[in-house]
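Okay, so here's the structure we're looking at.
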Amino acid sequence: MAKDILKYLREKEYVSGEVLAQKLGISRVAVWKQIQRLKDMEYKITSDQNMGYCLVSRPDLLIPQEVQRGLSTTYIGEKIFYFSELESTNIIAKEKALHRIEAIDEGTIIIAERQTAGKGRLGRKWFSPAGGIWLSIILYPQLPPSYIPRVTLMTAVAAVKAIEICTQIKSQIKWPNDILINKKKVCGILTEMSAELDIINWVVVGVGINVNIDHRDFPEGIQENTISLKEVSEKEVLRVKLAQTFLQEFEKYYNKLKRKEFPSILEEWKLHSHTLGRKIRVDIGERIVTGEAVDINEEGALILKKEDGELIKIISGTIV
Ligand code: BT5
């Protein structure tokens with residue numbers, strides 16, 4: 001109901017309680033109660049005894065009605081599950097994808113203001129206080145499991161683009177899943193999936209962007225290597241706008257991926273690469289390999305040229 005009232009409230013213009021009551025088929029007292037609910041959700045609404053209610057400003061909260069307002073995607077974000085706090089959006093997304101609870105459609109997203117147990121790769125922790133964008137997208141791509149690294153790479157391109165569109169800040173991608181500004185991490189991507197031998201059952205793409213987080217609030221152990229968009233732009237960044245732009249870019253690139261147009265996405269990835277051409281050390285689980293990052297191949301794998309000239313292909317790993 002509060003959402004319906006928003007449809008009829010006007011910015012910089014009063015609408016009477018009576019008109020709202022009529023439009024919604026409820027009493028004026030019920031209208032007043034819903035207005036109080038909106039105020040609790042940080043909508044600024046002024047009221048005037050004679051003129052009624054006027055919407056002064058909307059909150060920069062990632063609530064579905066705000067994220068979906070003006071969102072130009074066709075299916076990414078069509079359904080949004082919103083939490084002010086939860087453990088991890090990836091955990092909830094996986095549960096939903098796994099059990100197909102509530103007939104979850106492709107493009108459904110889980111979004112939270114804060115995570116109490118945000119996850120990185122390989123059991124690492126992801127610090128997720130209020131002020132960031134923490135979201136997971138549920139996908140059912142009809143693609144072979146070997147496409148998963150490509151999903152992570154295309155998500156990184158979408159994130160870089162969205163950040164640039166909304167803030168004019170240029171960022172770089174460190175293979176495979178880090179977005180950096182001034183060599184510090186501003187965004188991370190966690191792609192999880194369930195697959196059979198040759199078919200993907202579901203994919204959950206988790207994305208965390210440090211938006212309006214003060215540097216001093218990052219925990220000590222990671223402070224040196226982290227950065228937020230607010231720090232760089234020296235002002236608060238509108239999270240709703242950034243989340244919408246990211247979802248739009250994501251849908252665009254995901255559609256390209258489904259049309260098997262990964263080479264063109266890879267071209268864009270390379271334009272923003274922080275990795276190619278550098279001498280790096282990569283932790284591949286059982287050992288660390290050293291060499292020059294010479295290419296990303298058509299599967300999204302890193303091609304490393306070892307000191308002896310041998311080329312090796314790394315599908316998953318962490319640059320250390
Ligand atoms: C990642 O892992 O970068 C994946 C992060 C994905 C987070 C999103 S938020 C929404 C969704 N729900 C989740 O629970 N997760 C996803 P990895 O490459 O393993 O990097 C993890 C490392 O990044 C940590 O060990 C820290 O060193 C560092 N780190 C932790 N929190 C950070 C933050 N907020 N900003 C930058 N670096 C951080």
Side-chain angles (χ1 to χ4, degrees), residues 62 67 77 80-97 108-139 148-149 151-153 155-156 158-160 162-163 171-193 203-232 237 239 242-243 246-247 250 274-275 280-285 302 314 316-320:
L62 301 168
V67 174
I80 299 180
F81 291 91
Y82 169 81
F83 298 81
S84 47
E85 183 174 292
L86 49 45
E87 265 183 283
S88 151
T89 55
N90 263 44
I91 293 180
I92 301 283
K94 280 195 297 181
E95 276 171 12
K96 291 198 185 286
T108 296
I109 69 174
I110 318 294
I111 199 160
E113 300 291 344
R114 281 181 305 277
Q115 298 184 115
T116 54
K119 299 198 311 164
R121 296 182 302 149
L122 306 166
R124 291 190 281 250
K125 289 191 178 128
W126 184 257
F127 174 64
S128 331
I133 294 177
W134 325 120
L135 65 81
S136 300
I137 307 175
I138 298 172
L139 305 170
I148 290 302
V151 174
T152 304
L153 265 55
T155 304
V160 165
I163 289 172
S171 53
Q172 287 82 41
I173 312 170
K174 180 174 143 198
W175 183 88
N177 69 322
D178 290 354
I179 311 290
L180 310 179
I181 298 174
N182 302 337
K183 300 191 188 143
K184 296 176 179 193
K185 188 158 168 175
V186 68
C187 166
I189 299 159
L190 173 64
T191 310
E192 299 186 273
M193 69 151 175
V203 177
V204 165
V205 182
V207 180
I209 311 177
N210 299 328
V211 189
N212 297 322
I213 301 174
D214 288 324
H215 194 72
R216 59 170 184 272
D217 293 338
F218 285 110
E220 242 171 52
I222 62 167
Q223 215 174 43
E224 236 179 279
N225 300 316
T226 51
I227 199 162
S228 79
L229 295 176
K230 178 181 164 183
E231 264 181 88
V232 186
V237 170
R239 290 183 313 144
L242 180 57
F246 170 70
L247 296 176
F250 184 92
H274 180 266
T275 302
I280 53 171
R281 284 151 46 80
V282 190
D283 183 344
I284 55 169
L302 174 67
I314 303 172
S316 117
T318 304
I319 298 176
V320 289

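Numbering of ligands and ligand atoms starts at 1, following listing order. Computed from heavy atoms alone, side chains included, the values below leave out hydrogens, waters and symmetry copies.
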Side-chain donor/acceptor of S136 to backbone N/O of G206, under 3.5 Å: no
Distance from atom 1 (C) of ligand 1 to nearest protein heavy atom, with residue and atom: N177 ND2, 3.5 Å
Numbered in order shown, the ligand 1 atoms found under 4.0 Å of a heavy atom of G118 are 14 (O)
Taking N or O atoms only and a 3.5 Å limit, does F127 qualify as a polar contact for ligand 1? yes
Determine the minimum heavy-atom distance between I181 and S171, stating which atoms define it. CG1-CB, 3.8 Å
Determine, considering heavy atoms only, which of T226, L86, I189 sits nearest to atom 4 (C) of ligand 1. I189
At under 4.0 Å between heavy atoms, what of N225 touches ligand 1? The answer is neither
Return yes if some donor-acceptor pair links the side-chain N/O of Q115 with the main-chain N/O of T89 below 3.5 Å, else return no. yes
Quick test of your reading of the structure: of R121, Q223, E224, K185, whose heavy atom lies closest to atom 3 (O) of ligand 1? K185
Using a 3.5 Å distance criterion without hydrogens, assess whether the side chain of W134 forms a donor-acceptor pair with backbone atoms of P129. yes
What atoms in ligand 1 come closer than 4.0 Å to a heavy atom of S88? 12 (N), 13 (C), 14 (O)
Look at the side chain of D214 and the backbone N and O of R216, then say whether any donor-acceptor pair between them is shorter than 3.5 Å. no
Where ligand 1 meets L135 - atom numbers and elements under 4.0 angstrom, heavy-atom basis: 10 (C)
Could you see which bit of K125 sits under 4.0 Å from ligand 1, with heavy atoms only: side chain, backbone, both or neither? backbone
Using modelled atom types only, decide if a donor and an acceptor are shared between the side chain of R121 and the backbone of L190 within a distance under 3.5 Å. no
Backbone of V204 reached by a side-chain donor or acceptor of E192 within 3.5 Å: no
Return the closest protein heavy atom for atom 9 (S) of ligand 1 as residue, atom name and distance. Q115 NE2, 3.4 Å
Which ligand 1 atoms does K119 reach within 4.0 Å, using its non-hydrogen atoms? 5 (C), 6 (C), 7 (C), 13 (C), 14 (O), 15 (N), 16 (C)
Nearest neighbour in protein (non-hydrogen) for atom 5 (C) of ligand 1: W126 CE3, 3.4 Å
For I173 against T275, the heavy-atom pair lying closest together: O-OG1, 3.7 Å
Could I get the full list of ring pair (Phe, Tyr, Trp, His ring centres under 6.0 Å) partners for Y82, not counting sequence neighbours? none
Does T89 have a heavy atom less than 4.0 Å from any atom of ligand 1? yes
Should the proximity of R124 to ligand 1, defined as any heavy atom under 4.0 Å, be assigned to the side chain, the backbone, both, or neither? side chain
What atoms in ligand 1 come closer than 4.0 Å to a heavy atom of N210? 33 (C), 34 (N), 35 (N), 36 (C)
Donor-acceptor pair, distance only, cut-off 3.5 Å: does the side chain of H215 make one with the backbone of Q223? yes
Please list, in number order, the atoms of ligand 1 under 4.0 Å from a heavy atom of I222. 26 (C), 27 (O), 29 (N), 30 (C), 31 (N), 32 (C), 38 (C)
